[in-house]
Amino acid sequence: MTALDVMGEWAAANPASHQLHQRAARVLPGGITHASRRADPFPVAVARAQGSHKTDLDGHDLIDYVMGHGALLLGHSHPGVVEAVRAVAGRYQHPGACQELEVEWAERVCRLVPSAQRVRFTSSGTEATMLALQVARAFTGRPRVIRFHGHFHGWHDAAKVPDRVAIPTALAESVTVLPPDPEAVATELAAGEVAAVLLEPTGASFGALPLDHGFLATLRDLTAAAGALLIFDEVVSGFRWAPGGVQQLAGVTPDLTALAKVLAGGMPGGALAGRADVMEVLDVGEAGPKVHHPGTHNAHPVSAAAGIATLDLVADGAAQSRADELAAWLREQLDAAFERSGTVGFAYGESSVFRVVLRQPRPAGSPTDWWRDPAAPMLRSPSPELLGPLQAGMLLHGVHLFQGRGLVSSVHTEADVERTAQAFELTLRRLKREGILA
Ligand SMILES: Cc1ncc(COP(=O)(O)O)c(C=O)c1O
């Protein structure tokens with residue numbers, strides 16, 4: 001019998017995930033419910049989760065670094081969050097009316113996030129960035145929007161440009177996608193048609209190509225001078241990079257901020273927060289150009305309860321510091337694993353995020369210079385032919401990476417980090433043996 005390769009061995013060890021995927025493919029396109037969950041040979045399915053661990057359908061214990069796509073800064077099912085959700089579930093499911101929880105939730109956002117004078121809740125991060133663009137266009141009376149290459153803002157039409165599949169031409173043409181280069185931005189702003197500059201203040205894809213804070217300050221000046229709004233998408237970084245997000249760390253206050261993930265403590269929810277005069281366009285009772293914003297589940301009580309509990313637990317910054325320290329240590333350990341296994345690659349990341357880049361030596365300069373390389377591999381790493389073996393290898397050793405990267409929570413442990421680094425070294429050695437890595 002020939003030995004199985006890494007993906008074959010993982011597939012053989014996960015018959016329940018495989019069976020579920022086959023069943024799923026009969027009712028769900030591609031057998032999945034989120035584009036990023038497509039995986040070779042098939043995606044892992046999870047039975048339950050607690051803290052920093054989850055158990056897959058085949059009973060394997062996994063250290064989790066997907067962490068609810070970044071929503072779970074406090075880990076899975078934090079007792080304080082679960083208790084808050086339980087308490088509200090028996091009180092009402094959907095009051096169909098104004099409620100105290102949405103006010104309490106917004107008060108916390110306003111306390112923590114520097115740009116937040118008013119808050120409008122949505123059901124997701126996608127809706128938050130979509131609403132941000134509507135509000136900016138209504139407030140400025142201008143049509144155009146500037147975005148940056150590789151920055152992710154969800155899946156509404158404007159967020160998908162430059163991908164133009166199924167996007168109306170007129171809408172696609174109203175969005176200019178630029179490199180994060182002040183001169184390019186200034187040139188585009190000069191015509192006076194830009195309503196807003198929208199970006200992830202972490203840099204593309206929560207810090208794959210980080211930006212320096214000076215660039216954020218420059219954008220602040222350029223947009224203010226041009227009468228355009230500055231919108232930070234802090235869907236991932238909000239409450240994670242610091243209780244007040246990147247804007248708190250950088251000392252740069254945008255006009256509008258899109259929030260989600262940690263905001264709602266692992267439940268569905270998002271928000272647009274910002275300057276009171278700008279957010280006024282959502283007050284349909286007043287005169288002037290208005291943005292009508294309904295939404296059945298805006299500030300859903302369960303999300304509000306989880307969000308309030310979470311924001312209270314992260315308000316002093318201790319949870320973020322703990323997660324950041326562990327992530328920094330893990331990045332060091334991953335680098336050491338590259339070294340020991342004799343494979344080319346490097347780990348990097350900011351805040352509580354880590355990323356690994358395989359087959360590439362660490363580029364020169366600081367990570368905030370890397371966007372200047374037009375072929376920057378960091379955005380596409382690991383490449384698809386490496387991702388399957390890397391994910392499978394790590395899963396075989398009990399670690400679930402988020403597509404070759406990860407988000408650390410405040411409840412991961414030193415033992416988790418050690419086990420992860422060991423798993424990584426063993427995986428690198430195996431990929432080398434199988435000829436996948438040189
Ligand atoms: C920076 C950023 N903006 C917006 C979104 C979209 O949020 P959601 O998935 O809640 O629609 C995401 C999701 O990952 C994100 O990372």
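Just so you know, ligand 1 is whichever comes first in the structure, and atom 1 is the first atom listed for that ligand. Just the heavy atoms: all of them, side chains too, but no hydrogens, waters or symmetry mates, feed the values below.
Note: Tyr348 and Trp370 have perpendicular aromatic rings, judged against thresholds of 30 and 60 degrees for the angle between ring planes. Ring pair Phe206/Phe402 is parallel by interplanar angle, where below 30° counts as parallel and above 60° as perpendicular. The aromatic rings of His21 and Phe42 sit parallel, their planes meeting at an angle under 30°, below the 60° perpendicular limit.
The ligand atoms of ligand 1 that sit less than 4.0 angstrom from a heavy atom of Asp233 are 1 (C), 2 (C), 3 (N), 4 (C). Interface of Glu200 with ligand 1, defined as ligand atoms under 4.0 Å from a residue heavy atom, comprises 1 (C). Below 4.0 Å from some heavy atom of Val235 lie the following atoms of ligand 1, by number and element: 2 (C), 3 (N), 4 (C), 5 (C), 7 (O), 12 (C), 15 (C). Atoms of ligand 1 found under 4.0 Å from any heavy atom of Ser124, numbered from 1 in the order shown, are 10 (O), 11 (O).
Contact annotation: for Thr126 versus ligand 1, heavy atoms closer than 4.0 Å belong to both the backbone and the side chain.
Although no hydrogens or angles enter the test, the distance criterion places no donor-acceptor pair under 3.5 Å between the side chain of Asp416 and the main chain of His412.
Taking the centre and axis of the six-membered ring of Phe152, the NZ or CZ atom of Arg147 falls outside the cone set by 45° and 6.0 Å.
Looking at heavy atoms from C-beta onward, Lys261 lies in side-chain contact with His69 at the 4.5 angstrom threshold.
Val236 CG2, 3.2 Å is the protein heavy atom nearest to atom 16 (O) of ligand 1. Taking atom 10 (O) of ligand 1 as the reference point, the nearest protein heavy-atom neighbour is Gly125 N, 2.8 Å.
Under the 3.5 Å distance criterion, with hydrogens and angles disregarded, a donor-acceptor pair is assigned to the side chains of Thr176 and Glu188.
Note on ligand 1: Phe152 sits in its first shell, one or more heavy atoms being nearer than 4.0 Å. Using a 4.0 angstrom heavy-atom cutoff, Lys261 counts as in contact with ligand 1.
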